[in-house]
J.: 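I'd like to ask some things about the structure below.
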Amino acid sequence: MTVALIEMKARLHEITLPVRDYDLDATLTSGQAFGWERGASGWMGVVTGRWVELSSGLTGIQARTVVNPGGWNWLRDFLQTEVRLAEVIRTFPADDEHLQQAVQACRGLRLLRQEPWECLASFILSSTKQIVQIRQIVQLLRERFGSPVSVREGVAPVFAFPTAAQLAGLTEADLRACKMGFRAPYLLAAARRVKAGEIDLVAIGGMELAAAREQLLRFEGVGEKIADCVLLFAYGFPTAFPVDVWVRRVLVDFYFRKRQVSPERLRRFIEKHFGPHAGYAQQYLFHHIRTMPAKKLSIPKAAP
DNA sequence: AACCAGGGAGCGT
DNA sequence: ACGCTCCATGGT
């Protein structure tokens, strides 16, 4: 308690990370991260255990935090401000009007580089949930089981996403009380396997894409889609391409003229069409289709 | 193969 | 006010 009070009075640290073409709103609400809250003076969240408040300025992203040992690389890494977005977009197929249009619709949408455990756990919770509900579950988990972090004076208490070790000691009932339903045993098992070192989340970062995916698929509650989310959003594999119902719809509509497509054929198309930054292309298509006003899309059935 | 598990936002009626 | 749909994993 004493420690918390002392830290509350810690000096505010500020920096502007120079970056152009960075749409913070779109990036933090585009279904890749679930722990950010829009406050009066910016987006508040927790990155590597540090509370941080972000806002967009003329020359870049302004960041404020209260404890800041050793520079700002933890934040540069999370936000991926060093990524040259124009160079990423230049690799997209030039003759793909749909993709180019999606890019134009949201210049500055970025991919974050999240912490593997938080990302994995969040996406285990995401299955058959919508973004709003995932946010609610994550918030409950943080409040109940996460460690408190120091915040700026006047800001309501904030908690870090609970570590695997913190969750591993809980019961399934504890987790179900956070409204995650049938996902509770999956999250609990994942926490215990990570804590025990049975699956090494750090080691996955050094693997080839296929081997990394294989490791992630060992977790119960992790299928192809969720594995691809973690590969893209936490490990930064640039060709990981999560296909959920929205992305499937947009792909079938745009590239297959609403004809039925088998999952294998879709997979082959993605691999050859979108290039070395396919994951970024996926993010633009996803965001575009989610924000387009009442765009009519077919609802394709899965091919046999 | 079709359905369920659990949940709440966000529709349309 | 009420019912219906959404959503993506694993088990029956």
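Per chain, numbering begins at 1; letters A, B, ... match sequence-line order.
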J.: What's the CG-P distance between A:Leu175 and B:dG7, to the nearest Å?
T.: 13 Å
J.: Picking from C:dG11, B:dG8, C:dT9, which would you name as closest to the side chain of A:Phe182?
T.: C:dT9
J.: Just call it for A:Ile226: base, sugar-phosphate, or nothing, with non-hydrogen atoms closer than 4.0 Å on any strand.
T.: sugar-phosphate
J.: Look up atom CZ in A:Arg135 and atom CD1 in A:Ile137, then write down how far apart they are to the nearest 0.5 Å.
T.: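 Spacing of CZ (A:Arg135) from CD1 (A:Ile137) equals 12.5 Å.
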J.: For C:dC7, take OP1 and OP2 only and decide whether either is under 4.0 Å from a side-chain N or O of A:Trp246.
T.: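 True: A:Trp246 side-chain N/O within range (under 4.0 Å) of C:dC7 OP1/OP2.
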J.: Could you work out which one of B:dG7, B:dA9, C:dA8 sits closest to the side chain of A:Val132?
T.: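 When the side chain of A:Val132 is considered, B:dA9 is the closest of B:dG7, B:dA9, C:dA8.
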J.: Are A:Phe123 and A:Phe219 near enough that their ring centres are under 6.0 Å apart?
T.: no
J.: Report the distance from atom CZ of A:Arg290 to atom P of B:dG10, rounded to the nearest whole Å.
T.: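 Result: 11 Å.
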J.: Starting from C1' on B:dG10, measure out to CD1 on A:Ile131 and report it in whole angstrom.
T.: 14 Å
J.: If we take the P atom in both C:dT9 and B:dA9, what is their distance in whole Å?
T.: 23 Å
J.: Looking only at atom P, what distance separates B:dC3 and C:dC4, rounded to whole Å?
T.: 15 Å
J.: Can you find a side chain N or O atom of A:Lys225 that sits less than 4.0 Å from OP1 or OP2 on C:dT9?
T.: no
J.: Does A:Gln133 contact B:dG8 through a side-chain donor or acceptor facing the base, at a distance under 3.5 Å?
T.: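 For A:Gln133, whose side chain was compared with the base of B:dG8, there is a donor-acceptor pair (under 3.5 Å).
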J.: Applying the 4.5 Å side-chain criterion to the ILVMFWY set and letting contacts propagate, would A:Leu187 and A:Ile199 be lumped into a single cluster?
T.: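 Same hydrophobic cluster.
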J.: Counting only side-chain heavy atoms from C-beta out, which of C:dA8, B:dG8, C:dC7 sits nearest to A:Asp244?
T.: C:dA8
J.: Using whole Å, what does the distance between atom P of nucleotide B:dG6 and atom CD1 of A:Ile134 come to?
T.: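 After rounding, the reported distance stands at 18 Å.
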J.: Measure the acute angle between the ring planes of A:Tyr186 and A:Phe182, then classify it against the limits of 30° and 60° as parallel, tilted or perpendicular.
T.: perpendicular
J.: Using whole Å, report how far CG of A:Leu266 lies from P of C:dA8.
T.: 14 Å
J.: Grab the CG-P distance between A:Leu187 and B:dG7 for me, whole Å please.
T.: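 Answer to the nearest Å: 16 Å.
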J.: Between C1' on C:dA8 and CG on A:Leu217, what's the gap in Å once rounded to a whole number?
T.: 13 Å
J.: Using the C1' atoms only, state how far B:dG8 lies from C:dG10, rounded to an integer number of Å.
T.: 22 Å
J.: What I want to check is whether the side chains of A:Gln104 and A:Gln100 have a donor and an acceptor closer together than 3.5 Å.
T.: no
J.: Where the side chain of A:Gln130 is defined as all heavy atoms beyond and including C-beta, which of B:dG8, C:dC7, C:dT9 is the nearest nucleotide?
T.: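 Output: B:dG8.
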J.: Mind checking A:Lys129 for me? I need base, sugar-phosphate or nothing, with any heavy atom below 4.0 Å counting as a touch.
T.: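 The answer is base, as A:Lys129 lies within the cut-off (heavy atoms under 4.0 Å) of a base atom.
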J.: Does the base of B:dG7 carry an N or O that pairs as donor and acceptor with the side chain of A:Gln136 under 3.5 Å?
T.: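 No such pair is found, so the answer is no.
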J.: Specify the separation, in whole Å, of atom CZ of A:Arg183 and atom C1' of C:dG11.
T.: 15 Å
J.: Determine: side-chain N/O of A:Arg248 to OP1/OP2 of C:dC7, distance under 4.0 Å, yes or no.
T.: no
J.: Should A:Asp228 and A:Arg267 count as an ion pair when the cut-off is N to O under 4.0 Å?
T.: yes
